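Accompanying notes for the structure given below.
This is a predicted model, so every value here is computed, not measured. Starting from 1, each residue takes its place in the sequence as its number.
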Amino acid sequence: MNKTMRDVALFTLIPLGIFLLFCMSGDSGILIAGILTLLVVGIYFLVGIILLLTDHAGIGKAMLLSAGIVLLVGLSTCGMIMSGFRL
């Protein structure tokens, strides 16, 4: 496994694992996980763009790809769970 894919796996699996733990804790944990997912995706995107513009293009690409994966997996999962809520 090359360095970029290892970085993508690291940057993706750690937040998704933490979000999974939050989702297992109940209704309030799911809402917290959704909010944290939005924050992590925004931070990953901004830091990834900054790293692409500097000399760290490999890590910047990994963070942008991880932001996309977390956005796709994390927010779709939280969205499906929250669609069943009766607020």
Side-chain angles (χ1 to χ4, degrees):
M1 180 182 291
N2 62 9
K3 184 176 176 0
T4 303
M5 292 309 291
R6 189 174 61 230
D7 288 341
V8 168
L10 178 73
F11 290 139
T12 303
L13 293 178
I14 291 174
L16 287 179
I18 293 170
F19 300 147
L20 179 64
L21 290 175
F22 275 119
C23 287
M24 291 173 26
S25 68
D27 293 344
S28 63
I30 294 170
L31 293 174
I32 292 170
I35 292 168
L36 285 177
T37 304
L38 288 173
L39 291 175
V40 166
V41 167
I43 291 169
Y44 274 12
F45 185 77
L46 290 176
V47 172
I49 294 292
I50 290 169
L51 288 173
L52 277 177
L53 296 175
T54 60
D55 294 336
H56 306 288
I59 297 175
K61 289 177 188 177
M63 289 195 87
L64 285 175
L65 187 57
S66 294
I69 293 170
V70 169
L71 184 68
L72 178 69
V73 174
L75 291 180
S76 64
T77 304
C78 284
M80 286 188 299
I81 291 171
M82 289 191 322
S83 68
F85 280 168
R86 301 283 184 230
L87 297 177

Among pairs that include at least one residue of residues 3-18, which meet side chain to side chain donor-acceptor pair (under 3.5 Å), considering only residues two or more places apart or in two chains?
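For residues 3-18: K3-D7, T12-S66.
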Could you note down all residue pairs passing side chain to side chain donor-acceptor pair (under 3.5 Å) where residues 13-24 supplies at least one of them, sequence neighbours left out?
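Counting only pairs at least two positions apart or across chains, no side chain to side chain donor-acceptor pair (under 3.5 Å) contact touches residues 13-24.
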ILVMFWY clustering at 4.5 Å (side-chain atoms), partners of L13:
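Other cluster members: none.
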Show which residues join L20 in its hydrophobic cluster (side-chain heavy-atom contacts under 4.5 Å, direct or indirect), or state none.
M24
Residues that L10 engages under side chain to side chain contact (heavy atoms under 4.5 Å, CB included), provided they are two or more places apart:
I14
Donor-acceptor contacts under 3.5 Å from residues 55-62 side chains, at least two apart:
none

Donor-acceptor list for residues 32-54 side chains, cut-off 3.5 Å, not counting sequence neighbours:
from : atom 1 : to  : atom 2 : distance (Å)
T37  : OG1    : A33 : O      : 2.6
Y44  : OH     : F11 : O      : 3.0
T54  : OG1    : I50 : O      : 3.3
T54  : OG1    : L51 : O      : 3.1

